[in-house]
Amino acid sequence: MDYVEAVLDLVALIPEGAVLAYGDVADLLGSGGARQVGSAMSRHGSAVPWWRVLKASGEAPPGHGREALALFLLEDTPLVGDYADYLRTGEGRWRVDMTAARWAPSAYEFDRIDAIAGGLDRSLPKLSAPDDEMTV
DNA sequence: ATTCTGACTTGCT
DNA sequence: AAGCAAGCCAGAA
């Protein structure tokens, strides 16, 4: 399984009305960084609930504000700011209320996340297994 | 090996 | 609250 698959699998678990920042996804996966997640989402996120993954500030991914907002309203995702104006004139500023909307995985969900993260490593062609020696 | 690029983050004005 | 500079991670050139 490659990084992109892991990201998509994880994103698919985020429930309605909840969100995760790019950095959160990377942390849960225990690998890569926010930029890797963003990159993966921009190229392969169309099949999963991509709007539930956004910047740490709560802003929707660049170029998708309009579409994301519509979905957030449908899902009753906690928002802050003036999205009414944004809808009407495109002028207002709004964001997701990260404090309230950030997903807090249940113990079960957390296990599933762990499973995804665990299936990540397997292909490291280089670096033959150093037996049981670790050289701390 | 080096440089560049990007749906990122944080800290400091 | 909004901009900006640096830091950060990996893949591609």
Side-chain angles (χ1 to χ4, degrees):
Chain A
M1 157 182 300
D2 63 9
Y3 196 70
V4 173
E5 291 181 77
V7 169
L8 298 183
D9 285 353
L10 173 43
V11 172
L13 296 179
I14 306 174
E16 262 189 48
V19 301
L20 240 37
Y22 296 103
D24 295 334
V25 174
D27 288 342
L28 288 171
L29 246 31
S31 170
R35 308 193 78 130
Q36 281 52 246
V37 175
S39 180
M41 288 305 287
S42 83
R43 291 179 300 198
H44 313 279
S46 48
V48 294
W50 55 265
W51 61 94
R52 298 180 190 149
V53 182
L54 64 190
K55 301 189 187 183
S57 59
E59 296 169 286
H64 298 268
R66 206 53 192 264
E67 194 177 0
L69 177 53
L71 290 160
F72 288 141
L73 291 175
L74 281 180
E75 302 188 346
D76 283 309
T77 304
L79 303 177
V80 294
D82 225 350
Y83 53 82
D85 281 345
Y86 179 83
L87 281 178
R88 178 159 22 79
T89 69
E91 294 299 311
R93 293 171 173 288
W94 60 274
R95 322 177 317 177
V96 166
D97 180 350
M98 291 306 281
T99 315
R102 179 177 258 111
W103 183 35
S106 66
Y108 169 68
E109 294 168 326
F110 200 78
D111 283 345
R112 297 210 39 200
I113 293 173
D114 257 6
I116 295 173
L120 212 39
D121 304 319
R122 47 201 89 301
S123 58
L124 284 181
K126 337 172 173 182
L127 187 60
S128 55
D131 300 70
D132 42 56
E133 180 96 49
M134 256 307 186
T135 61
V136 267

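All heavy atoms count here, side chains included; hydrogens, waters and symmetry mates do not.
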d([atom1], [X]; [atom2], [N]) in whole Å:
X: A:Leu28; N: B:dC8; atom1: CG; atom2: C1'; value: 16 Å
X: A:Glu59; N: B:dC8; atom1: CD; atom2: C1'; value: 11 Å
X: A:His44; N: C:dG11; atom1: NE2; atom2: P; value: 12 Å
X: A:Glu91; N: C:dA2; atom1: CD; atom2: P; value: 13 Å
X: A:Leu29; N: C:dC8; atom1: CG; atom2: P; value: 21 Å
X: A:Met41; N: B:dA7; atom1: CE; atom2: P; value: 13 Å
X: A:Trp94; N: C:dA2; atom1: CH2; atom2: P; value: 14 Å
X: A:Arg35; N: C:dA10; atom1: CZ; atom2: P; value: 12 Å

Under 3.5 Å: donor-acceptor pair, side chain of [X], backbone of [Y]:
X: A:Tyr3; Y: A:Ser31; result: yes
X: A:Arg66; Y: A:Leu87; result: yes
X: A:Glu67; Y: A:His64; result: no

Minimum-distance nucleotide to [X] side chain [options: [options]]:
X: A:Gln36; options: B:dT9, B:dG6, B:dA7; answer: B:dG6
X: A:Pro61; options: B:dT10, B:dC8, B:dA7; answer: B:dA7
X: A:Pro62; options: C:dC9, B:dC8, B:dT9; answer: B:dC8

For a quick test of reading the model: is some side-chain N or O of A:Arg93 closer than 4.0 Å to OP1 or OP2 of C:dA2?
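Indeed, a polar side-chain atom of A:Arg93 lies that close.
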
Which part of the nucleic acid does A:Ala21 contact within heavy-atom distance under 4.0 Å: base, sugar-phosphate only, or nothing?
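Sugar-phosphate contact only.
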
Going from CG on A:Leu28 to CD1 on A:Ile116, what distance comes out if it is rounded to the nearest 0.5 angstrom?
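Reported to 0.5 Å precision, the distance equals 9.5 Å.
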
